[in-house]
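The next block holds one structure in the form of structure tokens; read it before the comments.
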Amino acid sequence: MKQHLALSLLGLALATQTAAAQVQEPISPIPLEVAVDPSKADLGQRLFEDVRLSARSDRSCASCHPLNANGMDGLPRARSYDGKLLRNTPTVFNVGLDLFLNWDGAFESVGDLTDRAITKASLMANTWPQVLAALKADPDYVARFSRIYPTRRITKATVLDALETFQRSLITPNSRFDKFLRGDRDALSADERRGYQLFKSYGCASCHQGVNVGGNLLQVFGVFPEAARRELSTIAPDPGRYGITGDELDRNVFRVPSLRNVAVTAPYFHFGWAPTLEDAVRTMARVQLGRSLSPEEVRLIVQFLGTLTGEFRGRPLEPLKPRVK
Amino acid sequence: MRTELGQPLAVVAALLALLIVLLVQSRSADLPLGEEMQRALLGYELYDAELTRDVLTARAGLQANYESLATDRRNLARALEDLVSRSAAGSLEWRAALQRPLADLKKAHDEKRLSVEYFKARNALLRNSLMYLAFAGPLLHIPDEQKPFAADLGRLSYALLRFTQSPDPEAAGQMQHVLDRLSAAPGFRSEIATLVAHGRLIVTLVPEADRLLQQVVDAPTGSRAEDVLAALSQHTRTAERRAQTFRLLLFAVAVLLLGYVVYQFARLRAGAVSLRRVNAKLQREMDERSRATEALRSKELQLIQADRMKIVGQQVSSIVHEIGNPLQSLLMNSSRVAASCDDMLALLQWPDRAADDATIGGLPYRTARTELPQQTREIQEAAARIAQFVVDLKQFYGSTPKSAPGAFSLNEAVRRAERLLRHQINQSTSNWRMNLEGDLPAAHGDARRFEQVVVNLITNALEALPDRSRAVSVSTAWDATDRRQILQVEDEGVGIPEEDLAHICDPFFTTKQGSGGTGLGLAITTTLLNDMGGRLKIESQPGRGTRATVEIASAGESVAAQAQ
């Protein structure tokens with residue numbers, strides 16, 4: 001009893017600091033709609049799926065972010081335009097709700113990221129004059145740009161605006177968890193609710209929080225270094241954000257990824273080495289929280305994570321079928 | 001012409017261009033921009049304050065998640081971008097004035113953003129570890145055989161409470177000590193190990209998070225924003241002063257332009273005046289020239305006329321010669337016949353009876369006795385008139401030899417003419433006046449010819465009188481200015497009609513055809529005077545009278561004039 005009393009006291013002490021966090025859930029629901037100009041979004045979708053954006057006219061944005069495949073390629077690592085392996089492709093869904101984009105958080109604006117994707121040698125390797133010339137040669141584009149934009153012209157700015165508007169429109173609202181947050185207590189099963197409680201109490205929600213359950217925070221991968229070394233012994237090293245800032249403080253720092261639709265966007269981590277969500281949860285618990293979860297705890301948390309899968313254009317997202325080689 | 005017009009136009013255009021430049025400069029586009037910039041800066045400071053507030057509440061555990069911090073970050077980035085784009089929109093000076101403080105603000109902004117992100121990461125871990133100790137700790141199942149740990153766990157809770165309240169080195173040391181004891185204990189369990197690991201994390205994370213929090217709070221973004229504001233107001237003041245200067249210059253140039261236009265206007269007017277003057281002069285010259293041409297032509301006409309006259313004169317002298325001899329015989333014989341007639345009639349003292357029947361030359365005697373002498377006298381007079389006309393003709397057409405010019409007394413010539421015409425004067429007027437200048441020098445010319453001039457003029461004057469009561473006056477004078485002697489013959493006669501005045505000196509022009517005028521009198525007079533270097537001027541008012549003025553040089557003057 002004594003020790004229980006002592007720890008209760010400890011809990012009391014800490015409760016003063018955590019009380020407020022209990023008032024409000026760390027996760028907020030995705031808005032049901034985003035205010036975008038539908039004609040711009042339509043135009044953006046056409047561009048998004050247009051292979052002429054790439055240097056050899058053989059790859060579009062949708063090649064790696066197919067909308068009918070949960071907005072990503074499902075590969076552990078993306079294949080670059082020049083045939084090398086890149087990091088894992090994150091889904092394009094809910095990209096407009098992220099504060100930081102890419103695994104290393106190099107971008108904060110969808111437009112900047114898109115600009116880079118079109119011109120980067122490893123992605124689409126194109127140049128703007130070539131992109132604009134190709135688009136201007138298409139009467140349908142000329143007519144639509146001139147109808148939609150006050151400048152009436154196809155420019156880098158209007159092309160990026162249409163693409164960004166489209167990507168911002170790609171939200172997956174109405175997940176069962178969002179329904180739960182909106183007051184539908186029955187939207188989650190008892191196990192899922194227990195999983196959510198574990199998610200919060202084990203500290204996952206310290207980083208995976210906000211509307212996108214992540215995406216707004218940079219965090220070191222490997223809070224518990226020994227555990228991380230064990231976990232990543234077979235994985236190629238990646239200095240993370242250090243690669244772009246060169247700051248020692250950023251070594252092994254990555255963007256905390258969004259857990260929205262996490263159950264349908266396997267594989268996991270920046271090099272996609274975790275094929276299942278269970279693997280990913282176990283790894284995270286060891287590397288970031290310094291604890292080993294019981295299979296039951298993992299099951300509960302995975303149950304909860306499954307409730308974060310939303311609807312795209314009114315239809316619930318589903319797990320991808322295994323890719324045929 | 002083009003340069004005369006072009007230069008003022010160029011000056012006016014240049015002044016207008018200057019006016020426009022000054023107008024643009026005096027408007028100072030930076031001023032409205034400054035107000036917008038000020039608002040944008042206030043917006044930035046507001047977002048900055050929100051960020052600091054949200055970081056503090058996050059540290060206090062009062063934020064459920066980092067969404068508000070994400071929003072703050074986006075808002076601040078937009079606000080800064082807005083500031084930078086506004087700063088690039090103004091004038092060169094504006095950009096120069098804002099560049100440095102904005103760069104400083106951006107630096108502080110970036111540093112603060114960085115601190116915030118590191119803080120977020122540390123804070124997330126800290127909350128995680130605290131959460132573990134708060135929620136997982138109490139769930140630990142501590143078996144009885146590990147009771148000693150229970151006391152250490154109790155110590156740990158107190159140490160943690162103290163450390164979180166006041167994370168000073170002493171409290172950290174105490175935490176460390178308790179954690180060391182826990183980890184060094186035998187039979188160490190993995191759950192205890194996790195507890196220890198999180199405890200150790202807390203020991204390092206709390207100071208780190210607080211240090212980052214302090215960095216966020218101390219970030220000089222607020223004072224940098226104030227610096228931008230200060231630079232802005234400094235620039236605004238400078239721009240306002242500059243605009244004021246340009247407004248003054250604008251006014252000055254406007255006055256200059258006005259002055260220049262007025263000056264050009266005055267010049268134009270002066271030019272117009274002088275143009276009119278030149279024009280008038282030109283007109284006068286043209287008139288003069290046409291008069292000269294006219295004179296030349298009349299001179300030519302006169303020469304032609306003179307030539308004709310010469311030919312006529314030659315013919316006249318032959319005619320005169322032809323007439324002269326018969327006339328001499330006529331004159332001589334007629335006077336002889338007249339004398340013979342008287343004598344013969346005296347001899348023919350026929351008895352009255354006989355006389356009644358007798359005829360002479362077909363005429364009854366009585367008639368012939370009275371009419372014959374009369375008829376012979378008429379023959380004599382007619383011959384005499386022919387003789388006079390022939391003399392006049394000879395004189396006019398120069399058949400009279402030119403006498404050598406000498407000196408004569410004007411007054412004497414006048415007095416001789418008066419004596420010559422005494423009879424005629426008495427018959428024509430009862431009002432004859434003569435007023436001769438007492439002391440005249442000798443005139444240049446021929447006395448006898450001049451005498452004829454005077455006779456002609458006086459005769460004309462007398463013949464113009466309608467009755468005897470009208471006056472004729474003759475005067476001589478000395479014109480000291482022109483050094484000439486003047487003779488004037490004035491009458492109160494019928495005058496000369498204006499249309500005749502120009503012709504009265506022409507030969508054969510006469511208004512006295514009926515009374516036997518030959519039309520040669522004034523022509524001869526003019527010719528005579530011209531020969532002597534004199535001049536005749538005739539003025540007349542019809543009904544009032546006529547004045548003939550003769551100017552003639554003094555003898556010495558003429559010589560002197562010729563010598564010149």
Side-chain angles (χ1 to χ4, degrees), chain A residues 2-28 97-100 105 108-109 197 200-213 215-220 223-224 226-227 245 247 249-250 253 256 288-292, chain B residues 57 59-71 73-74 77 114 117-118 120-140 142 146-147 149-162 164-165 190-191 193-198 201 205:
Chain A
K2 198 178 176 187
Q3 67 267 34
H4 279 239
L5 178 74
L7 285 170
S8 298
L9 269 173
L10 175 62
L12 189 73
L14 293 165
T16 56
Q17 295 208 344
T18 53
Q22 303 304 310
V23 173
Q24 207 185 341
E25 297 298 336
I27 299 169
S28 41
L97 302 175
D98 280 334
L99 175 62
F100 295 107
E108 291 183 47
S109 131
Q197 286 309 316
K200 286 198 287 186
S201 62
Y202 280 4
C204 312
S206 297
C207 293
H208 293 285
Q209 37 64 51
V211 64
N212 238 5
V213 202
N216 62 3
L217 194 67
L218 303 167
Q219 191 56 275
V220 66
V223 177
F224 291 88
E226 295 87 18
T245 66
D247 190 331
L249 284 173
D250 290 327
V253 168
V256 174
Q288 298 298 89
L289 305 175
R291 67 165 102 201
S292 300
Chain B
T57 51
R59 172 68 183 93
L62 297 174
Q63 297 273 355
N65 54 41
Y66 296 107
E67 283 301 303
S68 56
L69 281 171
T71 307
R73 185 178 169 97
R74 288 194 189 103
L114 211 58
E117 289 313 315
Y118 288 136
K120 274 163 73 183
R122 300 298 181 282
N123 195 52
L125 294 181
L126 179 60
R127 301 228 67 76
N128 182 24
S129 294
L130 287 173
M131 196 93 82
Y132 182 89
L133 290 194
F135 293 102
L139 297 177
L140 286 178
I142 313 251
Q146 293 191 331
K147 284 239 163 66
F149 283 117
D152 281 333
L153 284 175
R155 269 187 221 104
L156 176 63
S157 91
Y158 292 120
L160 181 62
L161 188 60
R162 185 184 165 189
T164 51
Q165 287 309 111
S190 72
E191 286 181 30
T194 304
L195 185 77
V196 169
H198 280 290
L201 262 179
L205 285 172

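Computed from a predicted model, the values in this text were never measured in an experiment.
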Shortest non-hydrogen separation from [X] to [Y] and the atoms involved:
X	Y	answer
Leu217(A)	Ala121(B)	CD1-N, 4.1 Å
Arg74(B)	Leu97(A)	NH2-O, 3.7 Å
Gln209(A)	Glu67(B)	OE1-N, 4.2 Å
Lys200(A)	Met131(B)	O-CE, 3.8 Å
Phe224(A)	Ala197(B)	CE2-CB, 3.4 Å

Check: Gly290(A) main-chain N/O paired with His198(B) side-chain donor or acceptor under 3.5 Å:
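Checked: no pair found.
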
Asn65(B) side chain to Pro26(A) main-chain N or O, any donor-acceptor pair under 3.5 Å?
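Yes; judged by distance alone, with no hydrogens or angles, the pair exists.
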
Leu201(B) versus chain A, heavy atoms under 4.5 Å apart: side chain, backbone, both or neither?
side chain

Value rounded to 0.5 Å, distance of [atom1] in [X] from [atom2] in [Y]:
X	Y	atom1	atom2	answer
Leu126(B)	Ser206(A)	CG	OG	9.0 Å
Cys207(A)	Arg127(B)	SG	CZ	12.0 Å
Thr194(B)	Leu289(A)	OG1	CG	10.0 Å

Determine, stepwise, if the pair Tyr118(B) / Asp247(A) fulfils side-chain contact (heavy atoms from CB on, under 4.5 Å).
CA-CA 12 Å; Tyr118(B) 288 136; Asp247(A) 190 331; 3.4 Å; yes

So Gln219(A) and Leu125(B), side-chain contact (heavy atoms from CB on, under 4.5 Å) or not? Walk me through it.
CA-CA 9 Å; Gln219(A) 191 56 275; Leu125(B) 294 181; 3.6 Å; yes

So which of Asn123(B), Thr71(B), Asn128(B) has the biggest tally of heavy-atom pairs under 4.5 Å with chain A?
Asn128(B)

Measuring only between side-chain heavy atoms, which start at C-beta, is Arg73(B) closer than 4.5 Å to Glu108(A)?
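Yes, side chains in contact.
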
Just do the side-chain contact (heavy atoms from CB on, under 4.5 Å) check on Asn216(A) and Leu69(B) with the steps written out, would you?
CA-CA 9 Å; Asn216(A) 62 3; Leu69(B) 281 171; over 6 Å; no

